[in-house]
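Okay, structure first, notes after.
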Amino acid sequence: MRPVSGSRARLPRGEGPGAWLAAGSVALSLLALLALLSLLAVRGLEHFWPAPVALVVLEDGRQLAGERVREVPLPEGTGRERLYRTGNRDLYGTRWEWVAVSAIAEVSHPPDLVVLERRRWGEAIGRLTALESETGERVEGEGAWPALEARLAELTSLRQARDALRDEVILPRVRALEEGGDVDRELATANARLRALQAAMEGGRLTLATADGGRLAVPLEQVLRVRRPNAMSPFDKLVAWGEGVWRFLSEGPRAANTAGGVWPAIFGTVLMVMLMSILVTPFGVLAAIYLNEVAHQGRLTRLVRIAVRNLAGVPSIVYGVFGLGVFVYGIGGTLDEWFFDAALPSPTFGTGGLLWASLTLALLTLPVVIVATEEGLARIPDQQREGALALGATRLEMLSRVVLPMATPAMLTGVILAVARAAGEVAPLMLVGVAKLAPQVPVDGDFPFLHLDRKFMHLGYHIFDAAFHGGDVQAAMPLVYATALLLVLVILVLNLTAIFLRHHLSTRHGALTRR
Amino acid sequence: MPFVQDLRPSPDPAAVIDFSPEASSLAIRGLSLAYGDTPALRDLTLRIPRHRVTAFIGPSGCGKSTLLRVLNRLHDLNDEVVRTGEVKLEGEDIHAPEVDVAELRRRVGMVFQAPNPFPMSIHDNVAFGLRLQGGLSKRKRDDIIEWALRSAALWDEVKDRLRASAWSLSGGQQQRLVIARTLAVGPEVLLLDEPASALDPISTLKIEELIGNLKSHLTLVLVTHNMQQAARVSDYTAFLQDGALVEYGPTDTLFTHPRLRRTENYITGRMA
């Protein structure tokens, strides 16, 4: 039983250097945590804020336009250097430009600079000179910007109409066709409508004049978003920031994980952790019950207990290797031979997937759950057990009606610790089923709805991949920070759920801690 | 302090009082028990009278609690316990293979030293044993719960908050709740292992009153360290030492005219 909170307050407080040392350690730990979280938050979230676009004129007369990223001192005090994100990778082959501060003649922020987000080649930055519609109409000068905004809104609604037509009309018909239904004519009309929509979306393009005098023609269907950051009010920027954060959370990744969102990774992480909890809890609890309630408390039990505690310290990559060898190749390979013979040699379960990753992590966190549950069981006084037995309960009734309900908070503590550990593990996942890119989440409307054999994305692995394997590390860095922040938040939410559940259970049993 | 010279030196204590088999609820014969190599009970033979309060007294470690646990077979759980001899409840051997232990424990209820209500509501605590048995309508169960709480003199204090946690009760109330919980399953014998040792004097008094009332329909066996308590509530007292029965007699006689010096020394507090 935990002590009543009031009684702790009556204990004498620490005095002298010991107390200062202890308090100092607490303060230092908290500071380190705060520093970590604020670094992630600031670096991750500022990325979505529309940065002003500078037009830089250099001493030699060259001009460039871009977002200022940072400024660093040059070695040996020879001045400073600034990094600009200039975009237009299709023109220059790079999106970044280092400029010596001493070489800059003039910096201005003209409001008519446009930033385009495109499907390919990243951003484009420049002045909008002309907009050409699919029929060949040309709008130039002042009128181009409002025309562009109107046209893009139109394109968005066309795109939505096309997606709706595909998902709600065509795909169900195709499925019916495969099952032998007679839907040919309906399908033909729907396809015709789809083609018409497609045609309406194609053809238009815009022309940008870049800062150094180049010209860039961009087909409108390649354009995701346009903005003129220097002309935006703070409120517009706030809205754009909110939209940016939302897209990050709700969309799939683009451009080799260096742009776009992380929704599949969030989904994969949460789903994998939940599956892992479902797998690990019954095993861990039963093992703890056996060790604490059933087994003869002799030398062998003590040995097993020590072994279990030591398992918690085995490096996670070792579990990954075990999972690969036993689950993926062993069990998965056998399953394929027995049930998915037709698909061989391409493996179904004989390759990494959601199920094997969850099982591997369940194995990894099993000791945590066992130890926590066992400690909870050990704290229950024997009088509770004897009281139940003395009323004519069998051992099973005693366990299920008295002991387990009392041990539930401890069990949940074990699950919380397991979730916290599992959600952050990356190393074993790389061996047993995480994917660099799996935009399809493992849950959908096709039977059996939950696809345990599919590979999935994971926030932790996404961080690793974006930071080290993306083509453009500069572009990926803010996303890495944002994803790291998100991973921390996801673990926090998972933990809070379990803590809330535990609190709810212990208050239901009426102040277990109080007299 | 009277110094009693005329004690007979070595009588057979079990022969001092005896009850006819008809008048006794429990009959213990030749009971010995050891925890591994350590003996705890040595060749006990005594009968416990029906619908009376019998107290076991003796120094710590003399085997009183062990004896109590034998009577409802709580020792079954411990592999190390070696037992010989027999215990009969209403003439039937409680260790016979055909005896259902759960059924035996319902017939021989037990209340422990520290109150041990389950972390449930007051109502659910009393209903616990009834639910295990099953087969009762909710209404019948509620009737039994009320009866049990009334029998344990707790009804008036808790009738408005049966759904409150049992852990919110005071220590004395918790102990009476545990007694009510035990009564609800309808035992014939109630074993009380120092039931008031963790309670304040007023709660102790209530428990003692309760014991006096319950003997009208129950056989009670009380283990206590408190001499005054044994003298106040019990009809017969057995004095145990080192796992052996030393003296057993009507409480009045045992406390006023103990026949053995060992007994006298203990009850007058001359023995540590």
Side-chain angles (χ1 to χ4, degrees), chain A residues 1-6 289-302 376-377 379-412 502-515, chain B residues 68-69 71-80 100-122 124-134 161 163-171 174 177-178 181-187 190-191 193 198:
Chain A
M1 270 165 266
R2 276 173 278 167
V4 188
S5 55
I289 287 177
Y290 179 79
L291 281 179
N292 204 64
E293 306 281 325
V294 182
H296 177 74
Q297 299 297 318
R299 183 171 298 172
L300 186 66
T301 313
R302 266 209 306 283
L377 289 172
R379 273 202 302 271
I380 299 173
D382 271 342
Q383 291 143 1
Q384 291 286 336
R385 296 184 180 85
E386 289 176 341
L389 290 176
L391 287 172
T394 62
R395 264 188 101 87
L396 193 66
E397 288 166 335
M398 168 195 88
L399 279 174
S400 63
R401 296 184 187 218
V402 176
V403 173
L404 278 186
M406 288 184 82
T408 313
M411 268 179 244
L412 284 172
R502 181 176 66 180
H503 179 77
H504 177 75
L505 277 174
S506 45
T507 44
R508 196 189 66 183
H509 285 310
L512 262 175
T513 55
R514 260 167 285 152
R515 261 285 151 85
Chain B
L68 221 54
R69 286 159 165 271
L71 298 183
N72 76 347
R73 288 184 60 176
L74 266 187
H75 277 308
D76 284 14
L77 292 177
N78 193 335
D79 314 331
E80 289 184 345
D100 174 7
V101 183
E103 171 66 26
L104 172 77
R105 289 188 186 138
R106 282 197 283 271
R107 289 176 66 188
V108 184
M110 181 144 179
V111 173
F112 298 86
Q113 181 173 0
N116 60 345
F118 302 132
M120 314 165 181
S121 71
I122 294 168
D124 288 351
N125 258 281
V126 187
F128 186 86
L130 298 171
R131 287 194 175 129
L132 290 177
Q133 281 171 286
R161 48 174 178 143
R163 298 286 161 194
S165 165
W167 293 36
S168 65
L169 296 173
S170 74
Q174 287 188 7
L177 175 66
V178 171
R181 184 173 82 182
T182 313
L183 293 177
V185 293
L190 188 58
L191 310 173
D193 190 357

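Each chain gets a letter, A, B and so on, in the order its sequence line appears, and its residues count up from 1.
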Compare every heavy atom of [Y] with every heavy atom of [X], then report the nearest pair and how far apart it is.
| X | Y | answer |
| --- | --- | --- |
| B:Pro119 | A:Met406 | CG-CG, 3.2 Å |
| A:Arg401 | B:Met120 | O-CE, 3.7 Å |
| A:Leu391 | B:Thr182 | CD2-CA, 3.8 Å |
| A:Gly387 | B:Phe118 | C-CZ, 3.8 Å |
| B:Arg106 | A:Gly392 | NH1-O, 3.6 Å |

Contact part of [X] toward chain A, heavy-atom cut-off under 4.5 Å: side chain, backbone, both or neither?
| X | value |
| --- | --- |
| B:Arg107 | neither |
| B:Arg69 | side chain |
| B:Leu132 | both |

Suppose a student defines contact as a heavy atom less than 4.5 Å from any heavy atom of chain B. Which residues in residues 289-299 of chain A would they list? A:His296
Contacts of B:Asp100 meeting side chain to side chain contact (heavy atoms under 4.5 Å, CB included) (sequence neighbours excluded), chain-then-number -> B:Ala102, B:Glu103
